[in-house]
Participant: 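First the structure, then my questions, so here it is.
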Amino acid sequence: MARMTPFGETIFSTMTALAITHDAVNLGQGFPDEDGPAEILAAAQQAIADGHNQYAPGPGVPVLRQAIADHQERFYGLSVDPDREVLVTTGATEAIAASLLALLDPGDEVVAFEPYYDSYQACVALAGGVLRTVPLTWPDLELDVERLEAACSPRTKVFLLNSPHNPLGKVFTAGELSTIGEIARRHNAVIVSDEVYEHLTFDGATHIPIASLPGLADRTLTISSAGKTFSTTGWKIGWATGPADLIRAVRTVKQYLTFTSGTPFQFAIAHGLGLGDEVYRGLTESLDARRGLMLDGLRSMGFGVQAPEGTYFIVADTAPLGVDDADALCRAMPEQIGVAAVPVSAFYEDQTLGRSLIRLAFCKDEAVLRAGLERLARVPDVRL
């Protein structure tokens, strides 16, 4: 397929392979070192023992769809119909892919902020769409309304939003989201909102689903995942919520992709979503302590850093250390100093942007983070 020719191995696969080859500390790929809450793991085991091991219904098991609807009401005051407005997917990545395949005709345009998670560009291309990007400039990360307006055209069909934002850690404010929503409404565009880090916010930042703002629920597909919230990335349980007509369109595509997946895990996540606030709070507090450890360590070495408001990634600038090619640095570090990171340039359409920035995951065991910091102190010695 010609339109997919530019897309080879993802940067995450490349860096993880280098980490394995050189026995490096892997701070590149965003998977936690620790399992999720014991209650959720036990619920998965119980679901297997109870015989929930065959195909789930295509839209997802009813108990999970109800739990997702309850979650949206509990945390955001959003009322969604579990039977018509909820779709369980094989992770958020499938939800994004199925949404774009459902919404785009060849030549339709998608507006997204960059840097962006790498699957966005590939999924737009797979659907035959055209990606129009609006840069978020590190470290200020301010919404550039003029550039957002300029990125739109009569062919704009979708706004692809990510908040909390990977890799920058930005949590969009209510004012910013209202502006984005108003521009999307003027262009009659659907908003596909990737909110997988919704419960991982810090320093008083509050995640606001764009669908919760006045007049935007009827044009928004909200996507999330249990993997990030409950440290169960390998289970690949995600979902989309939104208007019945949009969910129906996404479900039509999804049934020809995976059809369904992870039946016992769906039951377990249904249990997890109903756990008390202390479970959600405990996971975030644990991450916040590790975030502080990484920020302090990186600052002490001379990296340029800004505390992320959300996600479990820190962006660090290597320019103050005399390194202006983060891609070359990241490819050399696993072998030379035994640590893996991801170059932020991989998240840009124009890879000259973010040239000196690296992304580091802090969702790791504290001992792993300390080992990684010790090795990162040798960045100035890396030969490029």
Side-chain angles (χ1 to χ4, degrees), residues 5-33 114-122 135-139 166-169 233 290-291 293-308 311-384:
T5 300
F7 302 96
E9 183 178 68
T10 72
I11 190 64
F12 307 107
S13 297
T14 298
M15 298 316 303
T16 295
L18 286 171
I20 292 170
T21 298
H22 299 289
D23 193 26
V25 173
N26 189 353
L27 302 183
Q29 193 168 7
F31 59 86
D33 281 342
E114 61 176 337
Y116 47 75
Y117 186 61
D118 67 343
S119 77
Y120 293 1
Q121 185 182 30
L136 292 170
T137 305
W138 192 88
N166 174 20
L168 297 179
T233 60
R290 286 173 273 176
R291 182 185 71 131
L293 171 66
M294 286 292 290
L295 286 170
D296 289 345
L298 291 166
R299 284 177 179 140
S300 71
M301 296 174 209
F303 285 92
V305 293
Q306 175 176 282
T311 78
Y312 44 50
F313 303 110
I314 289 173
V315 169
D317 190 0
T318 63
L321 301 179
V323 180
D324 63 1
D325 187 345
D327 182 78
L329 175 68
C330 287
R331 294 175 189 275
M333 286 198 306
E335 180 178 8
Q336 294 187 35
I337 64 173
V339 65
V342 170
V344 174
S345 60
F347 297 84
Y348 281 96
E349 190 172 42
D350 178 357
Q351 295 196 355
T352 63
L353 298 173
R355 182 174 169 81
S356 64
L357 304 178
I358 62 174
R359 191 196 77 170
L360 299 159
F362 58 86
C363 53
K364 310 292 181 179
D365 182 80
E366 183 176 322
V368 172
L369 295 179
R370 291 187 183 280
L373 286 169
E374 182 179 345
R375 299 177 187 196
L376 285 166
R378 306 204 306 272
V379 162
D381 301 326
V382 175
R383 301 178 309 277
L384 302 184

Participant: Give me the atom names and distance for the closest heavy-atom approach of C330 to V342.
Facilitator: SG-C, 3.7 Å
Participant: Can you tell me how far apart CG (L298) and CG (L293) are? Round to the nearest 0.5 Å.
Facilitator: 9.0 Å
Participant: Could you tell me which non-hydrogen atom of K364 sits nearest to which non-hydrogen atom of Q29, and how far apart they are?
Facilitator: NZ-O, 3.2 Å
Participant: List the atom of L357, the atom of A326, and the distance in Å for their closest heavy-atom pair.
Facilitator: O-CB, 3.3 Å
Participant: Any sub-3.5 Å donor-acceptor pair from Q121's side-chain atoms to E349's backbone N or O?
Facilitator: no
Participant: Mind checking whether Q336 and D381 have side chains closer than 4.5 Å, heavy atoms only?
Facilitator: no
Participant: Would you kindly check if the NZ (Lys) or CZ (Arg) of R359 is within the cone defined by 45 degrees around the ring axis of F313 and under 6.0 Å from the six-membered ring centre?
Facilitator: yes
Participant: Are the side chains of V323 and V382 in touch, meaning some heavy atoms are under 4.5 Å apart?
Facilitator: no
Participant: Before giving the answer on side chain to side chain contact (heavy atoms under 4.5 Å, CB included), spell out for E114 and L136 the whole-Å C-alpha distance, their side-chain angles and the decisive distance to 0.1 Å.
Facilitator: CA-CA 6 Å; E114 61 176 337; L136 292 170; over 6 Å; no
Participant: Is it the case that the side chain of T10 and the backbone of S13 share a donor-acceptor pair, with hydrogens and angles ignored and the cut-off at 3.5 Å?
Facilitator: yes
Participant: Indicate the atoms forming the closest heavy-atom contact of F362 with R291, along with that distance.
Facilitator: CE1-CB, 3.5 Å
Participant: So, do M294 and L373 sit near enough that their side-chain heavy atoms are less than 4.5 Å apart?
Facilitator: yes
Participant: Using atom types as modelled and distance alone, determine if a side-chain donor or acceptor of D33 lies under 3.5 Å from a backbone N or O of D365.
Facilitator: yes
Participant: When rounded to the nearest 0.5 angstrom, what distance separates CG in L384 from CG in L329?
Facilitator: 6.0 Å
Participant: Would you say that L27 contacts L369 through its side chain, given a criterion of any heavy-atom pair below 4.5 Å between the two side chains?
Facilitator: yes
Participant: Hey, what's the ring geometry for Y120 with Y117, parallel, tilted or perpendicular (30° and 60° as the breaks)?
Facilitator: perpendicular
Participant: Quick one: does T318's side chain have a donor or acceptor within less than 3.5 Å of a partner on S356's backbone?
Facilitator: yes
Participant: Please walk me through it: do M301 and V379 pass side chain to side chain contact (heavy atoms under 4.5 Å, CB included)?
Facilitator: CA-CA 9 Å; M301 296 174 209; V379 162; over 6 Å; no
Participant: Can you name the nearest heavy-atom pair linking V25 to G372, along with the distance?
Facilitator: CG1-CA, 4.1 Å
Participant: Return the CD1 to OG1 distance between I11 and T16, rounded to the nearest 0.5 Å.
Facilitator: 9.5 Å
Participant: For the atom pair CH2 (W138) and CG (L353), what is the distance rounded to the nearest 0.5 Å?
Facilitator: 14.0 Å
Participant: For A24 and A340, which heavy atoms make the closest approach, and how far apart are they?
Facilitator: CB-N, 4.3 Å
Participant: Do D325 and R331 pass the side chain to side chain contact (heavy atoms under 4.5 Å, CB included) test, and can you show the C-alpha distance, the side-chain angles, and the key distance before you say yes or no?
Facilitator: CA-CA 10 Å; D325 187 345; R331 294 175 189 275; over 6 Å; no
Participant: Only one of L376, V315, V339, V305 passes side-chain contact (heavy atoms from CB on, under 4.5 Å) with L360; say which it is.
Facilitator: L376
Participant: Apply side chain to side chain contact (heavy atoms under 4.5 Å, CB included) to the pair D317 and F303, showing each step before the final yes or no.
Facilitator: CA-CA 6 Å; D317 190 0; F303 285 92; over 6 Å; no
Participant: Below 4.5 Å, heavy atoms only, C-beta onward: do T21 and P334 meet side chain to side chain?
Facilitator: no
Participant: Between atom CZ of R355 and atom CG of D324, what is the distance when rounded to the nearest 0.5 Å?
Facilitator: 5.5 Å
Participant: Rounded to the nearest 0.5 Å, how far does CG of L168 lie from OG1 of T311?
Facilitator: 9.0 Å
Participant: Hey, mind stepping through E374 and R370 against salt bridge (Lys or Arg N to Asp or Glu O under 4.0 Å) and telling me if it holds?
Facilitator: CA-CA 6 Å; E374 182 179 345; R370 291 187 183 280; over 6 Å; no
